S.K.: 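Structure below; questions to follow.
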Amino acid sequence: MLRLLATIKKEWLLLLRDRTGITLLFAMPVMLITVMALIEDAPFRDYQEVKFDILTVDNDHGRLGRYIQEGLQSSGQFNIVDSVKGQPVTEQAAKELVNAGEYKICIIIPQGATGAIVSNANKIVNDISRRMGMSASLPVSTRKDSLNVSVYFDPAAKKAFKGAIHQALDNFLTQVETGLLMDRIKLQLKKGDIPETDTMMIQLKAVGLKEQFAGESKQVDVISNSVQHNVPAWSIFAMFFIVIPIAGNMIREREDGSLLRMKLIPGSYLAILAGKMLFFVGICVVQFYLMILVGIYLLPLFGLPKLMLGNSHAATFIVAACIGLASTAYGILVGTLFKTPNQALNFGAISIVILSAIGGIWIPLEIMPPNMQFIGHLSPLSWGLSAINNIYLRNMGVMHILADVSKLVICAAGMLCIAAAIEKRRMS
Amino acid sequence: MTSIAVHGLHKTYKGALEPSLKDLSFSFQKNAIVGLLGPNGAGKTTTISILCGLVKADSGQVNIFDFPQDAAHRETIKRLVGIVPQQIALFPELTAIENLVYFGNLYGLKGKGLRTRIDEYLQIFGLEKNGNKEVRRFSGGMKRRTNIIAAILHQPKLLILDEPTAGVDVQSRGMILQFLREYNKQGVSIVYTSHLLEEAQTICSEVAIIDEGRLIVQGSPSDLIEKHSACGNLEDVFLHYTGHAVRD
C-alpha cells in the first residue's frame, strides 16, 4: 500500500511541477468540447431549424405564387428573396445567382400555375358533383400540358439538403392544391340550398402525428442535439488523449533511469504501476466531470442546449472510471511499445483519432455503412459512448452498462498483459 | 565468505553477432572494495545487470552473499544490494528530498526514521542546503551524489556503482571516494566500475579486469603492478592486458 500511495503522490508532484502541462490537460478538453459542440450544432439541427435565403421568381402572379411565398415565409425556414439590388429577379438572373453559389435555392413558379391548379380542382369537383346528381358548372381549362414549379439548387448543395427542400416544397404544393380543392368544394356545395351565413368548416386532418417517449427519458428530442452527442463523445476522445502524457512519462522514466531504479528496489513493480494507473484514471475521471460541467453550465451560455444527465450517477462514475482505465492501459502499452517520445506521440495521437472516427465520436455509428459499423463496434471509444448513451439518453442504470464496461476492463487487462510481455521480452 | 561469486556466465543479446559474456567467472571477498575494470564493450554493464537481476544470463551461476541469483532469491538479494546506475536515476522535476522520500517509501521506509536518514546522508554528501531544490537544477556532481544516496537508503550490504564519478568535478569526486572508504569501513562490500584507473588504484583493495566478456586478470592493484615490472601503475597494467587499440 505504501508503494502505491507513494507513487500516486509522486505522480501528483510531477504533474504539479509541470504547470503548463496541467493547464493543457484540463483546458484543452474544455476548449475541444466547446468548439466541437458549437460547430457541430448546425448539422445536428433539423433543416426546419435552419433559415435559408430562397430566391423566388413568381411568373404566376396568382394564388399559387402567393401561397408558396407566404407558406415558405411562415414556415420560419426560409427568407423569401424576390428582388436583388432593388430589381425584381428574373428567371435567368436567379439561375446565375444560384449557380454562382450566392443562393442555395431558387424556385420558379410558372405562369398559369394557379389557373392550372384551380382548373384541376374544378374538374374534380365537377366530376364529384355529376356523380352526386348535382350540376357541374365550375370552369375547366382545356390546357393539356402539365406545369412544373422549377427548383434550382446550388451545385454544391448536399443530397440530404436537396431532399429536405424537395419534401418541404412538395408539402406546400400539396397544401395549396388541397386548400384550393376544399375552396372549390365549399363553393360548389354553397350553390345548393345551404344558406350564405353557414360557415362550413372542413377539417382535413383527422389523424396527426405525435412523438412519444420510448424509454424512461422525458426528453424525446434530446438525442438529436449537438450537446448530447458531442459532450460525452468528445469527453471520451479527450480522456483517451491521456495516452500522450502517460506514454511520455513511461519513456522519460526509462530514459532518465528512474524506471531502472524502481525495478532494482525489492517488491513488485505492479504496485508502482497500479499507483501510476490509479493516478491517471483519477485524472481521466476529473477530466470527464469537468467536461460534463461544461455541458451543463458553459455551453448553454453559447445558446446551445443544456446537457441532460441520466438518473444513475453511480453508473456514470463507473463508466468514467472504466474509460479512464482503458485509456491509461493504452497509454502504458504505447509507452512500453515505443522507444522515443516522438514515436509514441505520433502513434498515440493518430491511433486515437482513428479509433474515435470509427468508434462513432465524430459521427454517430448508426449512419455509417454496415461494415464500418461492425469495425466501429470494436473500438473502445464506441463502448464508452454506448454506455454513456445508455445512461444519458435511455435513462438506464448500472445493470445496463455492464456489457460495455466489461469490454473496457477486459480490453485494459489485455493491453496491460501485452505491455508486460513486451517488457519481459525486453529484459530477456 | 564472498560477496559475489560468478561462475561460467554466458550472455548473448538477441540480434547481437558476438556474445557479451563468454564463460565469465570471478569471486569477490566480503567487505572489499573491488574495481570491475575493462574497456568499452568489455561486458561490465552486462555483468552488473545480471548481478542485480535486471538481465537474465543464458547460462552460468551468480551468487550474492551465497544466495543464488534466481527467482526464489531475487527479492532477498535486492534487499542486500544497492545499485548506483551510470544514469542519474532520479526524477529531475522532483526535489532531492522528494526523490529520496519516494525511493525510501518504495523500500518500505517511512516517517521520521526515513527523514532522519535522508537528512544524515544529505549532510554527509554536502547537500543539506539543496534538499528542497529540484534535481534538474543540480550540477553534475550534486546529481551524482544524490544518485548514490538513493541507492543506500535501505542500508545495503553490497553497493555496486557503475562509473559513479563520471563527469564530476574534483571536489565531488573526492567527496564520493571518501564516502566509499568510510562506508566500506562500516562493513559494506563495494564493487565499482570506472575508466579512471588512478582512482581505482587509490581506492580498490582488489581489481578484476575483464575484456571481451572474459576475466583477464584479478588481484590487488599493488600485486598486479609488482607482477609486471614494466608497468608503473594500474593504467599500464590495464593497457598491458587490454591493448592500445581504440574500442567502440
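A note on names: the letters A, B, ... follow the listed sequences, proteins ahead of strands, and every chain is numbered from 1. The analysis underlying the following values was restricted to heavy atoms, covering all of them including side chains, and did not include hydrogens, waters or symmetry mates. From a predicted model like this one, the values you see are computed outputs, not experimental measurements.
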S.K.: Given a strict heavy-atom distance threshold of 4.5 Å, which part of E98(B) is in contact with chain A: side chain, backbone, both, or neither?
M.R.: side chain
S.K.: Once you round to the nearest 0.5 Å, how far does CD1 of I33(B) lie from CG of L177(B)?
M.R.: 9.0 Å
S.K.: Is a side-chain N or O of N147(B) found less than 3.5 angstrom from the main chain of A89(B), in a donor-acceptor match?
M.R.: yes
S.K.: Measuring from K44(B):NZ to I210(B):CD1, what's the distance to the nearest 0.5 Å?
M.R.: 7.0 Å
S.K.: What's the shortest heavy-atom distance between S379(A) and I358(A), and which atoms?
M.R.: CB-CG1, 4.2 Å
S.K.: Run the numbers on S172(B) and D169(B) for side chain to side chain donor-acceptor pair (under 3.5 Å), then give the verdict.
M.R.: CA-CA 5 Å; S172(B) 281; D169(B) 60 18; 3.0 Å; yes
S.K.: Give the minimum heavy-atom separation between S20(B) and T46(B), together with the two atoms involved.
M.R.: CB-OG1, 4.0 Å
S.K.: Between R145(B) (side chain only) and F125(B) (backbone N and O only), is there a donor and an acceptor less than 3.5 Å apart?
M.R.: yes
S.K.: Is chain A contacted by the side chain of I160(B), its backbone, both, or neither, given a heavy-atom distance below 4.5 Å?
M.R.: neither
S.K.: Only pairs at least two apart or in different chains count here, so list each ring pair (Phe, Tyr, Trp, His ring centres under 6.0 Å) that has a residue in residues 136-156 of chain B.
M.R.: Y107(B)-H154(B)
S.K.: So which bits of residues 317-342 of chain A come within less than 4.5 Å of chain B, counting non-hydrogen atoms only?
M.R.: none
S.K.: Ignoring hydrogens and angles, tell me if any N or O in the side chain of N184(B) forms a donor-acceptor pair with the backbone of N31(B) under 3.5 Å.
M.R.: yes
S.K.: Enumerate by number any residue of residues 5-15 of chain A whose heavy atoms lie under 4.5 Å from heavy atoms of chain B; in the absence of such residues, state 'none'.
M.R.: A6(A), T7(A), K10(A), L13(A), L14(A)
S.K.: Answer with side chain, backbone, both or neither: which region of E134(B) has an atom nearer than 4.5 Å to a non-hydrogen atom of chain A?
M.R.: side chain
S.K.: Could you look at L106(B) and say if it's the side chain, the backbone, both or neither that has a heavy atom under 4.5 Å from chain A?
M.R.: both
S.K.: Given the options P92(B), A150(B), C52(B), which has more heavy-atom pairs under 4.5 Å with chain A than any of the others?
M.R.: A150(B)
S.K.: Measure the spacing between CZ of F347(A) and CD1 of I244(A) and express it to the nearest 0.5 Å.
M.R.: 10.5 Å
S.K.: Give, as side chain, backbone, both or neither, the part of E253(A) having an atom under 4.5 angstrom from any heavy atom of chain B.
M.R.: side chain
S.K.: Sequence neighbours excluded, which residues qualify as ring-ring contact (aromatic ring centres under 6.0 Å, His included) partners of W234(A)?
M.R.: F237(A), W362(A)
S.K.: Check the side chains of E199(B) and T165(B) for a donor-acceptor pair under 3.5 angstrom, ignoring hydrogens and angles.
M.R.: yes
S.K.: Under 4.5 Å, counting heavy-atom pairs only, tell me which of K110(B), Q86(B), R79(B) racks up the most with chain A.
M.R.: R79(B)
S.K.: Sort out for me which of E255(A), R17(A), R3(A) touches chain B most, counting heavy-atom pairs under 4.5 Å.
M.R.: R17(A)
S.K.: Select, from I77(B), T95(B), L94(B), the one with the greatest count of heavy-atom pairs under 4.5 Å involving chain A.
M.R.: L94(B)
S.K.: Over all heavy atoms of both residues, which pair between P156(B) and V81(B) is shortest? Give the atoms and the distance, please.
M.R.: CB-C, 3.6 Å
S.K.: When rounded to the nearest 0.5 angstrom, what is the spacing between NZ in K263(A) and CD1 in I272(A)?
M.R.: 10.0 Å
